[in-house]
Amino acid sequence: MILLFIFLGGFAKNIMGEKKNRCTADLLVECLEEEGVKYIFGIPGEENLAVMKALENSKIQFITVRHEQGAAFMADVYGRLTGKAGVCLATLGPGATNLVTGVADADSDGAPLVAITGQVGTERMHITSHQFLDLVKMFEPITRRTKMVVRPDTVNEIVRLAFKYAEREKPGACHIDLPVNIGMMPIPDDEKPLQKQYPIKEYAAVHTIDEAAEMISYAKTPVILAGSGVIRAHAAKELTAFAEKLKIPVINTMMAKGAIPFDNKYAMWTIGIPHSDYQNKLLEKASLVIAVGYDIIEYAPSKWNKNGNVDIIHIDASAADINKLYQAEIEVVGNIRDSLKRITERAARLQEPKEALELRAKMVAEHESYADDNSFPMKPQRILNDVRKVMGPDDIVLSDVGANKVWIARHYNCYKPNTCIISNGFATMGIAVPGAIAAKLINPNKKVLAISGDGGFMMNCQEFETAIRLGTNFVTLIFNDSNYGLIKWKQENQYNHSYGVDFTNPDFVKFAESMHAAGFRIESAEELLPTLEKAFKLDVPAIIDCRVDYDENLKLTAHLKELMETL
């Protein structure tokens with residue numbers, strides 16, 4: 001009778017909502033919820049079983065991927081598109097090492113990301129131990145902050161610090177390492193997540209605004225160089241108004257596509273391909289470069305200010321990096337949107353940039369000349385012309401890294417920010433397919449197109465199973481040339497022949513079908529546009545295999561060499 005009373009009493013407490021014993025892993029997940037995390041991309045392992053158990057009853061959706069690198073790339077692109085840290089999870093040892101490339105990419109590209117890894121128990125870290133690596137040391141060079149949880153009551157502080165450092169300007173990656181025994185330790189009831197904090201906007205000093213406005217007003221041939229900071233600051237509207245009022249041409253880096261609509265008369269499109277192009281010629285003739293949200297990791301000053309003679313105004317949320325060829329006359333440090341507005345109000349210019357506008361007309365004519373080129377294999381210029389026709393102004397293209405990235409940078413122009421995602425800080429092959437999964441999760445009603453070379457595609461093609469499982473119906477367009485095209489291009493430029501870059505490919509249509517996706521093969525130039533339109537109407541992911549004529553690579557080299565001599 002006494003035993004029955006005890007049992008019924010315990011049962012009554014449970015149905016009345018008595019809290020279960022919480023462990024460190026439970027508090028970790030509570031902290032992630034407080035940070036607003038919607039998805040965690042990853043692969044579970046023995047050392048994070050407690051975390052997975054906590055996630056099971058969480059508001060957070062755990063997305064199981066097929067390789068940890070894919071998880072990191074998904075978190076990377078999620079962070080870049082939302083401005084909120086994407087989260088990826090792996091176990092210890094080989095699971096953690098597989099995250100490294102994607103984490104490094106996010107950190108270099110300025111994408112907020114938090115990586116969480118499992119770890120051996122603290123009782124065996126001092127000896128040689130199965131699958132043990134010092135992950136804090138391993139992640140230290142590629143993150144803003146990396147910490148191991150060594151006490152249960154510190155996890156809330158460590159999570160808050162990770163997100164603070166990941167999401168502040170310039171964003172990047174952070175890492176949390178959770179030993180298996182610490183993750184299962186009980187946590188006191190009074191330990192709660194720390195409240196998410198938002199940084200206070202900082203505004204540029206008045207004298208720097210006034211000095212910049214005066215210098216711009218009197219500059220003979222100013223040029224704006226817009227970088228990825230413009231996109232992160234949501235300052236595209238202000239940048240466009242700045243350029244229009246002051247009649248200054250705008251060049252954008254690869255990661256700042258859409259900072260000004262490509263059809264704006266002052267838009268001079270993208271700089272950053274391995275060769276000097278129209279944009280480089282414009283910078284050569286500039287008396288003043290107004291660098292807005294510019295990041296030297298993406299396009300080094302040595303490529304546009306070789307002699308260090310040009311005057312520079314630095315407009316950004318943080319002070320200029322140290323580089324002997326990037327010595328700003330004036331640094332306007334503060335909220336970019338506010339700085340641009342205030343300078344626009346104070347500066348005045350009347351003269352149109354005649355030479356830049358003439359140069360732009362030549363650029364437009366060159367790009368349009370490929371619109372009706374029906375040769376096959378298809379020229380990359382024609383492929384991207386067709387892509388632009390099918391993609392709306394709000395739709396998203398994700399570029400893999402390789403020769404295709406060079407052509408996308410040069411020939412796929414954008415109306416709006418974050419509609420063409422290119423990794424150009426770390427510049428990592430294999431990002432397009434997993435990145436497209438993240439982009440489609442965030443933007444289910446937009447067309448999402450991943451463009452990959454055949455080399456980059458094969459690096460994370462296993463994530464098509466993830467895409468099918470999630471119902472993310474994006475399209476992948478493969479530039480098929482059966483070699484590592486960008487390296488072949490560089491070898492032929494330097495040595496007049498190539499070596500070690502050729503390979504064979506699977507049948508990409510059969511590959512798609514084996515993954516329960518749709519597969520298409522382009523046999524003529526006229527087929528691409530209708531095939532793209534058909535693929536985007538499907539409710540499953542699709543792969544389009546398109547042979548590309550990379551003889552155009554060396555032709556572009558020769559064309560640009562002649563252009564630089566004659567402009």
Side-chain angles (χ1 to χ4, degrees), residues 9-63 75 84-93 95-96 99 113-126 129 131-132 134-136 139 143-167 173-197:
F11 178 73
K13 286 182 181 179
N14 283 336
I15 63 173
M16 290 175 68
E18 183 183 78
K19 289 184 178 179
K20 71 178 183 68
N21 291 330
R22 294 156 72 227
C23 65
T24 309
D26 292 309
L27 181 56
L28 171 70
V29 171
E30 291 169 17
C31 292
L32 296 176
E33 289 177 335
E34 178 66 27
E35 296 291 339
V37 174
K38 292 182 65 176
Y39 304 105
I40 295 179
F41 307 95
I43 297 179
E46 290 180 58
E47 283 68 27
N48 48 32
L49 292 180
V51 175
M52 294 302 296
K53 181 63 177 174
L55 283 170
E56 193 174 3
N57 300 312
S58 165
K59 295 180 290 186
I60 299 169
Q61 181 181 353
F62 184 79
I63 294 179
K84 300 175 182 177
V87 181
C88 53
L89 174 81
T91 189
L92 79 176
L99 286 177
L113 176 148
V114 173
I116 302 171
T117 55
Q119 184 55 281
V120 302
T122 54
E123 77 282 355
R124 60 187 178 101
M125 289 182 183
H126 64 291
S129 190
Q131 290 192 320
F132 172 61
D134 188 333
L135 297 180
V136 170
F139 279 96
T143 58
R144 306 301 161 92
R145 193 176 182 92
T146 171
K147 291 291 179 183
M148 179 187 290
V149 181
V150 294
R151 288 172 42 134
D153 60 353
T154 62
V155 70
N156 44 10
E157 293 173 327
I158 288 173
V159 171
R160 179 79 282 274
L161 282 165
F163 279 82
K164 176 182 177 180
Y165 279 83
E167 294 179 348
C174 286
H175 168 242
I176 300 170
D177 196 27
L178 181 62
V180 60
N181 61 327
I182 304 295
M184 293 188 291
M185 286 182 179
I187 196 86
D189 286 342
D190 60 353
E191 287 293 342
K192 305 293 183 185
L194 301 187
Q195 187 175 359
K196 186 176 178 68
Q197 298 170 337

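Please read these numbers as outputs of a predicted model, since none were measured by experiment. Values below: every heavy atom of this structure, side chains too, minus hydrogens, waters and symmetry copies.
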Please report the shortest heavy-atom distance between F132 and V120, naming the atom on each side. CD1-CG2, 3.5 Å

Could you give the distance from OG1 (T117) to CE (M148), rounded to the nearest 0.5 Å? 8.0 Å

So does R22 pair up with E191, basic N to acidic O under 4.0 Å? no

Close side-chain approach of P186 and N21, heavy atoms under 4.5 Å: no

Would you say E33's side chain and K59's backbone share a donor-acceptor pair under 3.5 angstrom? yes

Within a 6.0 Å radius of atom CD on E123, are there more than 12 heavy atoms belonging to other residues, nucleotides or ligands? yes

Nearest-0.5 Å distance that lies between atom CZ in R124 and atom CD in Q119: 8.5 Å

Not counting sequence neighbours, which residues clear side chain to side chain contact (heavy atoms under 4.5 Å, CB included) with A162? List them please. V114, C174, I176

Could you list the residues that satisfy side chain to side chain donor-acceptor pair (under 3.5 Å) with R144, not counting sequence neighbours? D107

Mind checking the CG-CG spacing from N156 to L27? Nearest 0.5 Å is all I need. 5.0 Å

Output all residues satisfying side chain to side chain contact (heavy atoms under 4.5 Å, CB included) with K164, sequence neighbours left out; order by chain, then residue number. R160

Closest contact, heavy atoms only, L113 versus C88: CD2-SG, 4.1 Å

Sequence neighbours left out, what passes side chain to side chain donor-acceptor pair (under 3.5 Å) with T146? Give chain and number order. H175

Residue pair E157, L194: steps toward the side-chain contact (heavy atoms from CB on, under 4.5 Å) verdict: CA-CA 7 Å; E157 293 173 327; L194 301 187; 4.0 Å; yes

Pairwise distance CE(M185) to CG(D153) - rounded to 0.5 angstrom: 11.0 Å

Tell me, please, which residues at least two apart from K38 pass side chain to side chain donor-acceptor pair (under 3.5 Å). none

From V159, V29, I60, residue fulfilling side-chain contact (heavy atoms from CB on, under 4.5 Å) relative to V37: I60

Between I182 and T24, what is the shortest heavy-atom contact and its length? O-OG1, 2.7 Å

Output a table of donor-acceptor pairs, distance under 3.5 Å, between side-chain atoms of residues 40-55 and any protein atom two or more places apart or on a different chain; print 'none' if there are none.
residue	atom	partner	partner atom	Å
E47	OE1	T91	OG1	3.2
N48	OD1	G45	N	2.7
N48	ND2	A90	O	3.2

What distance separates L99 CG from F139 CZ, expressed to the nearest 0.5 Å? 5.0 Å

Working for side-chain contact (heavy atoms from CB on, under 4.5 Å), residues F62 and L89: CA-CA 9 Å; F62 184 79; L89 174 81; 3.6 Å; yes

